[in-house]
A.B. asks: 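Can you read through this structure? Questions will come right after.
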Amino acid sequence: MDRGPSGVHDGRNPRAGPGPRVRLAADADGHLLAYELQIDADVGAYPHLGVGLPMQTAWMATGPYATPRVHASVRSVLTNTMVTYPYRGAGRPEATIALERSMDLLARRLGLDPAELRRRNFIPADDFPYQTPTGRCYDSGNYAAALDLALETIGYDTWRAEQTRRRHDPHALPLGIGLSCYVERSGGEPGGLHDFAGIEAHEDGTITARCGAASSGQSHETTFPALVAATLGVDVSRVRLIEGDTDAQPEGLGSFASRSAQVDGAALHHASALLIDLARERAADLWGTPVEEVEWSDGSVRHVRDGSAAMDVAELVKATGPLSVDDRFESGMGFPFGAHAAVAEVDPELGTVRVLRLVAVDDCGVVLNPAVVRGQAFGSAVQGIGQALYEGIPYGDDGVPLLAGGLLDYLLPTASEVPPIEVKETRTPSPSTPLGAKGAGESGCIGTPAAIVNAVADALQIADPGLLQMPLTPDVVWRAARATKYEGAR
């Protein structure tokens with residue numbers, strides 16, 4: 001099968017410009033044999049970070065599937081356009097849309113249910129850590145569990161039955177169900193998987209936690225103090241967080257690549273453990289006893305045999321001086337994953353797409369703060385809806401953006417366009433960090449767009465991937481409908 005899937009340009013198609021091309025090979029039973037991804041990436045006139053984004057696409061080319069032979073090639077193309085810079089997902093949405101559109105096309109050609117085709121090709125849960133042909137080493141995963149939960153949550157069989165009914169009703173709008181299974185990378189690349197963390201206990205019993213991250217809406221001020229407090233066994237009200245202060249810490253890498261919990265959270269956890277070790281050593285010297293006979297519990301040190309020898313960390317600081325630990329912690333890569341499912345209703349005459357329901361099942365390993373992770377997943381899914389249906393920056397031949405009205409012409413999903421979204425999770429801890437946490441901030445922009453595009457293609461029964469290029473504006477969908485059996489409909 002040699003196709004340029006939706007969202008990925010096919011160089012042979014006059015409707016599309018240069019971009020990735022896909023070749024996917026499978027046997028008659030749907031087991032994948034080979035996958036080829038050729039990427040032509042427009043990186044603008046000032047490449048800088050832009051040239052790194054297509055590399056992310058190539059590295060994550062195979063997604064959650066065990067594909068024996070894989071080849072990905074990258075060509076960055078300089079054009080007379082604005083700078084290309086990381087967007088939420090940064091190269092992984094492109095890998096997912098290419099592969100997941102191709103999987104649906106393969107399922108259609110083989111007469112298989114799209115969910116069943118995916119099940120047949122998932123990397124088995126007991127094969128981790130798993131080395132992909134593109135050089136990634138996936139830390140952990142249970143991809144079938146995520147898909148099964150997505151199908152159960154959305155009511156997959158019920159919607160398939162409704163789809164069949166509508167296809168026999170000439171007055172009903174076509175309905176489609178789209179799936180998208182993804183794997184992404186979190187934490188950063190080698191050389192950027194470290195950060196600074198420091199923990200200091202004071203005479204008044206308060207704890208200062210310092211780290212090299214900088215919150216941009218991920219609730220560090222809630223999550224990190226709670227993590228430090230839980231590790232030390234003290235009340236969270238005693239912990240104060242300092243970020244981004246060059247007077248208080250020697251270095252810091254910041255927040256990007258879904259790294260906060262995976263890298264900085266683990267760094268704070270590790271520094272807290274080092275503080276406990278230092279406190280036990282101080283107490284042992286103070287009491288003249290082996291350190292093995294001193295234990296830490298609930299913010300206090302105690303002699304395991306002499307019950308009268310015990311003191312809170314504040315008393316220890318008063319007795320022995322400042323208690324402080326600085327640490328440079330390095331994490332391993334994390335590979336979050338998930339399965340998204342969308343149900344969409346399409347009006348072929350108007351070209352409009354109405355997403356009726358969206359389910360996002362994501363796995364970011366150990367969850368430090370469920371409310372924060374849920375908010376990240378929900379917001380990211382909404383952004384993924386915008387990516388699939390609304391957001392785009394068209395250029396003229398002179399390289400000038402055609403958004404004459406500025407941001408008034410840049411469409412975003414509002415409350416009226418957001419469908420019922422149900423966020424679910426599976427939890428597969430990562431062995432790469434002591435917390436077992438993986439990144440959680442980019443899941444919706446990676447998994448949601450492909451699910452929506454697949455749903456629209458399923459509704460209109462479109463076999464030519466070149467007909468649906470994101471964003472799926474009414475014009476794009478209207479033209480695609482007329483190139484299929486829905487031509488001239490209503």
Side-chain angles (χ1 to χ4, degrees), residues 26 30-35 37 55-72 89 91-92 95-96 99-100 103 115-151 179-190 192-193 257-259 261-263 265-266 269 329-340 360-368 373 377 424-443 446-447 450:
H31 296 107
L32 299 183
L33 302 175
Y35 181 64
L37 180 62
M55 287 303 302
Q56 296 295 334
T57 304
W59 281 323
M60 300 307 300
T62 57
Y65 308 116
T67 311
R69 297 182 180 275
V70 179
H71 182 268
R92 281 91 80 195
T96 299
L99 182 57
E100 290 303 284
M103 290 295 284
E116 176 57 29
L117 177 64
R118 287 167 169 82
R119 283 197 193 93
R120 293 185 186 185
N121 289 285
F122 282 144
I123 299 166
D126 56 1
D127 279 5
F128 293 90
Y130 180 82
Q131 188 74 36
T132 75
T134 56
R136 292 300 199 195
C137 184
Y138 291 172
D139 51 352
S140 62
N142 190 341
Y143 307 142
L147 177 60
D148 289 344
L149 181 56
L151 297 176
L179 303 176
S180 172
C181 299
Y182 73 91
V183 182
E184 66 147 322
R185 179 235 62 191
S186 65
E189 294 296 320
L193 286 163
S258 295
R259 69 193 301 275
Q262 181 178 326
V263 179
H269 173 79
F329 180 84
E330 184 161 353
S331 167
M333 280 188 182
F335 292 89
F337 62 91
H340 290 201
V361 176
D362 302 308
D363 193 313
C364 62
V366 174
V367 175
L368 303 187
V373 169
K424 295 281 189 176
E425 66 182 16
T426 59
R427 297 187 182 183
T428 309
S430 171
S432 299
T433 74
L435 297 177
K438 309 181 186 184
E442 303 176 85
S443 57
I446 297 170

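Note that the structure is predicted; figures quoted are calculated from it, not measured. All values below come from the heavy atoms of this structure, side chains included, with hydrogens, waters and symmetry mates left out. Here, residue 1 is the first one in the sequence, and each next residue gets the next number.
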A.B. asks: Heavy atoms only: give me the nearest Pro190-Met333 pair and the separation to one decimal.
C.D. replies: CD-CE, 3.2 Å
A.B. asks: Decide side-chain contact (heavy atoms from CB on, under 4.5 Å) for Leu149 and Thr426; before the verdict, give the C-alpha distance in whole Å, the side-chain angles of both, and the deciding distance to 0.1 Å.
C.D. replies: CA-CA 8 Å; Leu149 181 56; Thr426 59; 4.1 Å; yes
A.B. asks: Can you sort out the partners of Arg69 under salt bridge (Lys or Arg N to Asp or Glu O under 4.0 Å), two or more places apart, ordered by chain and number?
C.D. replies: none
A.B. asks: Kindly give the heavy-atom pair with the smallest separation between Pro68 and Leu32, and that separation in Å.
C.D. replies: CD-O, 3.3 Å
A.B. asks: What's the spacing between Gln56 CD and Arg185 CZ if we round to 0.5 Å?
C.D. replies: 4.5 Å
A.B. asks: Can you name the closest pair of heavy atoms from Gly439 and Cys364 and give their distance?
C.D. replies: O-CB, 3.3 Å
A.B. asks: Take Tyr182 and His340, measure what ring pair (Phe, Tyr, Trp, His ring centres under 6.0 Å) needs, and give me the verdict at the end.
C.D. replies: CA-CA 8 Å; Tyr182 73 91; His340 290 201; 5.6 Å; yes
A.B. asks: Do you know the tightest heavy-atom contact between Leu193 and Gly332?
C.D. replies: CD2-O, 4.0 Å
A.B. asks: Mind checking what makes salt bridge (Lys or Arg N to Asp or Glu O under 4.0 Å) contact with Asp139, not counting sequence neighbours?
C.D. replies: Lys438
A.B. asks: Going by ring-ring contact (aromatic ring centres under 6.0 Å, His included), name the residues that satisfy it together with Tyr65, two or more places apart in sequence or in a different chain.
C.D. replies: Phe122
A.B. asks: For the residue pair Thr433 and Ala266, what are the closest heavy atoms and their distance?
C.D. replies: CB-CB, 4.2 Å
A.B. asks: Evaluate the side-chain proximity of Pro431 to Pro129: yes if any heavy-atom separation is below 4.5 Å, no if none is.
C.D. replies: no
A.B. asks: Leu37 pairs by side-chain contact (heavy atoms from CB on, under 4.5 Å) with which of Thr62, Thr57, Val70?
C.D. replies: Thr57
A.B. asks: With side-chain contact (heavy atoms from CB on, under 4.5 Å) as the criterion, how do Thr67 and Asn121 come out once you've worked through the C-alpha distance, each side chain's angles and the decisive distance to 0.1 Å?
C.D. replies: CA-CA 8 Å; Thr67 311; Asn121 289 285; over 6 Å; no
A.B. asks: Output all residues satisfying salt bridge (Lys or Arg N to Asp or Glu O under 4.0 Å) with Arg92, sequence neighbours left out; order by chain, then residue number.
C.D. replies: Glu184, Glu442
A.B. asks: Flag the pair Ser180 / Thr96 as yes when at least one side-chain heavy-atom distance between them is below 4.5 Å, and no otherwise.
C.D. replies: yes
A.B. asks: Take Arg136 and Phe335 through the side-chain contact (heavy atoms from CB on, under 4.5 Å) test and state the conclusion after the steps.
C.D. replies: CA-CA 9 Å; Arg136 292 300 199 195; Phe335 292 89; 3.9 Å; yes
A.B. asks: What residues form a ring-ring contact (aromatic ring centres under 6.0 Å, His included) with Tyr143, not counting sequence neighbours?
C.D. replies: Phe128, Phe337
A.B. asks: How would you list all residue pairs meeting salt bridge (charged side-chain N to carboxylate O under 4.0 Å, His left out) that involve residues 120-135, not counting sequence neighbours?
C.D. replies: Glu116-Arg120
A.B. asks: Which atom names give the shortest non-hydrogen contact between Ala261 and Leu368, and what distance separates them?
C.D. replies: CB-CD1, 3.8 Å
A.B. asks: Does a salt bridge link Arg259 with Glu189, judged by any charged N lying under 4.0 Å from a carboxylate O?
C.D. replies: no
A.B. asks: Dump the intermediate steps for side-chain contact (heavy atoms from CB on, under 4.5 Å) on Leu151 and Arg119, then the final yes or no.
C.D. replies: CA-CA 12 Å; Leu151 297 176; Arg119 283 197 193 93; 3.2 Å; yes
